[in-house]
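All remarks here apply to the structure that follows.
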Amino acid sequence: MNARDITVWLDERWYDALSSQLKKKDTTVEDELNTYLDAMIDQLPEQVRERISREIWEEDQRQRAEAEASRRFSVFRVTQDGRTDHLVTECRVPVDVLHAAMALRSYLLAKGSSSQRFAESLHSVADIAPEVFEEYADELRQDGGRVTAALDIDLDRGEFSTLDAANGWETYTIRDVSTAAWRASRKDGLARDRRLDLFAAHLETRMIRCEGQEMEQPSGPSL
């Protein structure tokens, strides 16, 4: 929306006197000036007011649509100790499968005797209902661009699944995903695309299950 700043110069003594007087009416000099401008706008021809109001509304709708289209979400379904959490995060830097794999590896390495669950270790996430998780997953299947990743991490079964828009859910063992994350991150200075290539290369032949195709099951969670 285009806007113009209007500066009104007024001796500070006049401003203070007006402010003191208007305080009794629970208003301010600025509020009174805005009211005066509104009254001036009301005196414009009706067709002019309608045209400008319509243009402002259309601009606002376009800006809202652009802002909504630029949002990026990642969703998680995390199962641990018999409990399943459904989570969403909205980030300026999209969370992808490598981000999640590195976070899971760091969690497992640092866990020790801590009682903190993996879902609780994730940053900037919010709880969502299971059906909302499915809605985000469906949006990723449709390749709308807003959902950058849908992940199903089952620490009880030792499985890490990622949703591919074309192929559906692809499942790996947590052990293999953790190793792939290590291979992708062990060298400093690598570009993000190169890290993703290393991560994908390690997992290329290690898928244990694809949506609609059952394969062998992992024995349990492991590094």
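Given the structure is predicted, the values throughout are model-derived calculations rather than measurements.
Taking a cutoff of 4.0 Å between a charged side-chain nitrogen and a carboxylate oxygen, R209 and E159 qualify as a salt bridge. The pair D152-R157 fails the salt-bridge criterion, with no side-chain N (NZ, NE, NH1 or NH2) lying under 4.0 Å from an Asp/Glu carboxylate O. A salt bridge links R71 with E68: the distance from a Lys NZ or Arg NE/NH1/NH2 to an Asp or Glu carboxylate oxygen falls below 4.0 Å. The residues E139 and R146 are annotated as salt-bridged, a charged nitrogen and a carboxylate oxygen being separated by less than 4.0 angstrom. A salt bridge between R13 and D11 is present, with a side-chain N of the basic residue lying under 4.0 Å from a carboxylate O of the acidic one. No salt bridge links E50 with R54; every basic N to acidic carboxylate O contact stays at or beyond 4.0 Å. Of the charged side-chain nitrogens involved, none lies within less than 4.0 Å of a carboxylate oxygen, so that R141 and D143 do not count as a salt-bridged pair.
In the displayed structure, E131 atom CD is contacted under 6.0 Å by more than 12 heavy atoms of other residues, nucleotides or ligands. In Q47, the CD atom is not crowded: 12 or fewer heavy atoms of neighbouring residues, nucleotides or ligands sit closer than 6.0 Å. Around CD of E12, the count of heavy atoms belonging to other residues, nucleotides or ligands within 6.0 Å does not exceed 12. In D81, the CG atom is crowded: over 12 heavy atoms of neighbouring residues, nucleotides or ligands sit closer than 6.0 Å.
What you find for G82 and D156 is that their closest heavy atoms are N-OD2, 2.8 Å. L198 and R183 get closest at one heavy-atom pair: CD1-O, 3.9 Å. Across L203 and Y172, no two heavy atoms sit closer than the pair O-CE2, 3.4 Å. When all heavy atoms are compared, the tightest approach of L87 to A119 is CD1-CB, 3.9 Å. Shown here for C210 and E170, the closest heavy-atom pair between the two residues is SG-CG, 4.3 Å. The minimum heavy-atom distance linking R195 with L98 is given by the pair CB-CD2, 3.9 Å.
No side-chain donor-acceptor contact under 3.5 Å links H202 to the backbone of F199. The backbone N or O of F73 lies less than 3.5 Å from a partner atom in the side chain of T148, making a donor-acceptor pair. In this structure a side-chain-to-backbone donor-acceptor pair under 3.5 Å is missing from R77 to F133. T179 contributes a side-chain N or O that, together with a main-chain N or O of R175, makes up a donor-acceptor pair within less than 3.5 Å. For the pair E58 (side chain) and E55 (backbone), a donor-acceptor distance under 3.5 Å is absent. Of the possible polar contacts, one joining the S70 side chain to the A67 backbone as a donor-acceptor pair under 3.5 Å is found. Side chain of R72 to backbone of G145: a donor-acceptor contact under 3.5 angstrom is found.
How far CG of D96 is from OG of S74: 7.5 Å, rounded to the nearest 0.5 Å. The OG1 atom of T84 lies 7.0 Å from the CG atom of D154; values are rounded to the nearest 0.5 Å. Here the straight-line distance linking atom CG of L33 with atom OG1 of T28 works out to 8.0 Å at 0.5 Å rounding. To the nearest 0.5 Å, the span separating NE2 on H99 from CG on L196 amounts to 8.5 Å. Note: L190 CG to R192 CZ = 11.5 Å, rounded to the nearest 0.5 Å. To the nearest 0.5 Å, atoms CD1 (I56) and CD (Q61) are separated by 13.0 Å.
Here the rule is side-chain contact (heavy atoms from CB on, under 4.5 Å) with S124, and of T89, V95, V88 only T89 fits it.
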>> Run the side chain to side chain contact (heavy atoms under 4.5 Å, CB included) test on H86 and E134 for me, step by step, so that the C-alpha distance in whole Å, both residues' side-chain angles and the decisive distance to 0.1 Å come before the verdict.
In response: CA-CA 10 Å; H86 297 81; E134 293 298 340; over 6 Å; no
> How far apart are the C-alpha atoms of V97 and F160, what are their side-chain angles, what is the distance that settles it, and do they pass the side chain to side chain contact (heavy atoms under 4.5 Å, CB included) test?
Replying inline: CA-CA 10 Å; V97 63; F160 185 109; 3.5 Å; yes
>> I'd like to know whether L10 forms a side chain to side chain contact (heavy atoms under 4.5 Å, CB included) with L18, so could you lay out the CA-CA distance, the side-chain angles of the two residues, the decisive distance to 0.1 Å, and finally the verdict.
In response: CA-CA 11 Å; L10 184 66; L18 288 170; 4.0 Å; yes
>> The test is side chain to side chain contact (heavy atoms under 4.5 Å, CB included); show your working for W169 and T162 and say whether it passes.
In response: CA-CA 6 Å; W169 288 103; T162 178; 5.6 Å; no
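Under a hydrophobic-cluster definition in which Ile, Leu, Val, Met, Phe, Trp and Tyr are linked whenever side-chain heavy atoms come within less than 4.5 Å, directly or via other members, I153 and V125 are assigned to the same cluster. No continuous path of ILVMFWY side-chain contacts below 4.5 Å connects I52 to W57, so the two sit in separate hydrophobic clusters. Cluster membership check: L151 shares its hydrophobic cluster with I174, using side-chain heavy-atom separations under 4.5 Å among Ile, Leu, Val, Met, Phe, Trp and Tyr. No chain of hydrophobic side-chain contacts below 4.5 Å, direct or via other Ile, Leu, Val, Met, Phe, Trp or Tyr residues, connects L104 to L163. Cluster membership check: M102 shares its hydrophobic cluster with L155, using side-chain heavy-atom separations under 4.5 Å among Ile, Leu, Val, Met, Phe, Trp and Tyr.
With a 4.5 Å cut-off on side-chain heavy atoms, P45 and V48 count as touching. Proximity of D138 to Y136: side-chain heavy atoms (C-beta onward) are nowhere separated by under 4.5 Å. Between Q80 and R83 there is no side-chain heavy-atom pair separated by less than 4.5 Å.
Geometrically, R186 engages W182 in a cation-pi contact, judged by NZ or CZ lying under 6.0 Å from the ring centre and within 45° of the ring axis.
Between Y107 and F118, the gap from one ring centroid to the other is short of 6.0 Å.
No side-chain N or O of S19 forms a donor-acceptor pair with one of D16 less than 3.5 Å apart. Using modelled atom types, one finds a donor on one side chain and an acceptor on the other under 3.5 Å when comparing T173 with D176.
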